[in-house]
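To start, the structure under review is shown below, and the notes come after it.
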Amino acid sequence: MQKTIAVIRGDGIGPEIVDQALLVLDRISGLYGHEFTYIDVDMGGCAIDKYGDPLPEEMLQKCLAADSVLLGAVGGPKWNQVPGPMRPEKGLLRLRAGMEVYSNNRPAKIWPQLASASPLKPQIVEKGIDFLIVRELTGGIYFGRHDTFTEDGRTVAVDELRYSEDEIRRIGRIGFETARKRGGKLCSVEKSNVLDSSRLWKKVMHELADEYPDVVLTDMLVDNCAMQIVKDPGQFDVIVTENMFGDILSDEASMITGSIGMIPSSSLGDTSRGLYEPIHGSAPDIAGKDLANPIGTILAAAMMLRYSFDMAAEADCVESAVSAALDQGFRTGDILPPNSDGLTLVGCREMGRRIIENMKKG
Ligand code: NAD
């Protein structure tokens, strides 16, 4: 298969971690006979330095012309004084808007080799944690009417939580499709005992369920879900939820896995083209020192293979190789525990090399 990938290295550790992910993709093309073409895109601080704009229109068009987009990270102290609309993060917001992605998907997975890094009790972690949160990204309370006014001599603030049935249906479809590509279980999270928007959410999810007889749909109230994520996270496969609930639950879920350097994410819209990136930032404190953990970005590339290119075997190959390198005891500094007996501290490049060494066609 032939695919074009827009590659945004970005700032800080971005170039180092993206380079390792590209080497992994090169190995996939060698093993499975695909052809990946990489198109370089400048975004973030580096684009401000070159063009005075964090995402020039020409760069956005390159992303829109590609089959998918791989991003390292943007931003850093060098651009902290840049005025609001020209900040590196604005480039990312404009990219998301331009790509019309409305779904953010974040896996929460505990690698058994890193179980001790989880703040959860070993008996909970031992049961296995591997789920994914599909969060609606462009609607709900963050995009409703915001108002602060005076009423009866007091200051009052209002934030409107609004969803239309088509907004719910399109994110619901991503939830069902994702569950289909994973374990076939979808948990819809809402607050239907209190909120009208949640009652509509639940109704639409159940209408959609008829179209996906191979997926088991369950409902859960958001407060219960927050508890279940720490009490019994092994029960979940895919969670689908609205913007604010997803914002909070996905941060809770990433905490239980232990390390920020290991977690990828994707943002999807109506087409198969997605934006794939690690969840961490540009880590300016360790940039250029070959200290960064490239695994979050490598796993983001694996997500791209699975969800945008329908290459499940290839994605499995990457994920198994990450697991094998961890089994062999290789650790970057961020995932090296205080008692590191039997483990080998490696840098960004060496971690990438060890993962590639373990890649075999399944
Ligand atoms: P950060 O995620 O960059 O770093 C937080 C801590 O985690 C740092 O100590 C860092 O060294 C460590 N860390 C992060 N990724 C790591 C990795 N792969 N390997 C090893 N250690 C890693 O968050 P921050 O310091 O708050 O932000 C730094 C810059 O990144 C800021 O300019 C921020 O705006 C930007 N940012 C960008 C994105 C993005 O591009 N999507 C996301 C978050 C933050």
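Each ligand, and each atom within it, is numbered from 1 in the order the structure gives.
Distance CD1/I355 to CD1/I298: 4.0 Å, rounded to 0.5 Å.
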Write 'none' if nothing qualifies; otherwise put on separate lines each N/O atom of ligand 1 with a protein N/O atom under 3.5 Å away and their distance to 0.1 Å.
{"unit_1": "ligand 1", "atom_1": "2 (O)", "unit_2": "G281", "atom_2": "N", "d": "2.7"}
{"unit_1": "ligand 1", "atom_1": "3 (O)", "unit_2": "G281", "atom_2": "N", "d": "3.4"}
{"unit_1": "ligand 1", "atom_1": "3 (O)", "unit_2": "S282", "atom_2": "N", "d": "3.2"}
{"unit_1": "ligand 1", "atom_1": "3 (O)", "unit_2": "A283", "atom_2": "N", "d": "2.8"}
{"unit_1": "ligand 1", "atom_1": "9 (O)", "unit_2": "D285", "atom_2": "OD2", "d": "3.0"}
{"unit_1": "ligand 1", "atom_1": "11 (O)", "unit_2": "D285", "atom_2": "OD1", "d": "2.9"}
{"unit_1": "ligand 1", "atom_1": "11 (O)", "unit_2": "D285", "atom_2": "OD2", "d": "2.9"}
{"unit_1": "ligand 1", "atom_1": "15 (N)", "unit_2": "H280", "atom_2": "ND1", "d": "3.3"}
{"unit_1": "ligand 1", "atom_1": "18 (N)", "unit_2": "H280", "atom_2": "NE2", "d": "3.1"}
{"unit_1": "ligand 1", "atom_1": "18 (N)", "unit_2": "N293", "atom_2": "O", "d": "3.0"}
{"unit_1": "ligand 1", "atom_1": "19 (N)", "unit_2": "N293", "atom_2": "N", "d": "2.9"}
{"unit_1": "ligand 1", "atom_1": "30 (O)", "unit_2": "S282", "atom_2": "N", "d": "3.0"}
{"unit_1": "ligand 1", "atom_1": "30 (O)", "unit_2": "S282", "atom_2": "OG", "d": "3.2"}
{"unit_1": "ligand 1", "atom_1": "32 (O)", "unit_2": "G76", "atom_2": "N", "d": "3.0"}
{"unit_1": "ligand 1", "atom_1": "34 (O)", "unit_2": "E89", "atom_2": "OE2", "d": "2.8"}
{"unit_1": "ligand 1", "atom_1": "40 (O)", "unit_2": "V74", "atom_2": "N", "d": "2.9"}
{"unit_1": "ligand 1", "atom_1": "41 (N)", "unit_2": "E277", "atom_2": "OE1", "d": "3.3"}

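Within the structure, side-chain hydrogen bond (donor to acceptor under 3.5 Å, both in side chains) contacts touching residues 216-225 (residues at least two apart or in different chains) are K191-D223, H206-D219, N224-Q228. Residue pairs meeting the ring pair (Phe, Tyr, Trp, His ring centres under 6.0 Å) criterion with at least one partner in residues 224-266, sequence neighbours excluded, are F131-F236.
With hydrogens and angles left out, the side-chain atoms of N243 and R135 include a donor and acceptor closer than 3.5 Å.
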Does the pair M205 and V240 meet the rule for a side chain to side chain contact (heavy atoms under 4.5 Å, CB included), with working shown?
CA-CA 10 Å; M205 289 296 157; V240 63; 4.1 Å; yes

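Qualifying side-chain hydrogen bond (donor to acceptor under 3.5 Å, both in side chains) partners for D210, counting only residues two or more places apart in sequence or in other chains: none.
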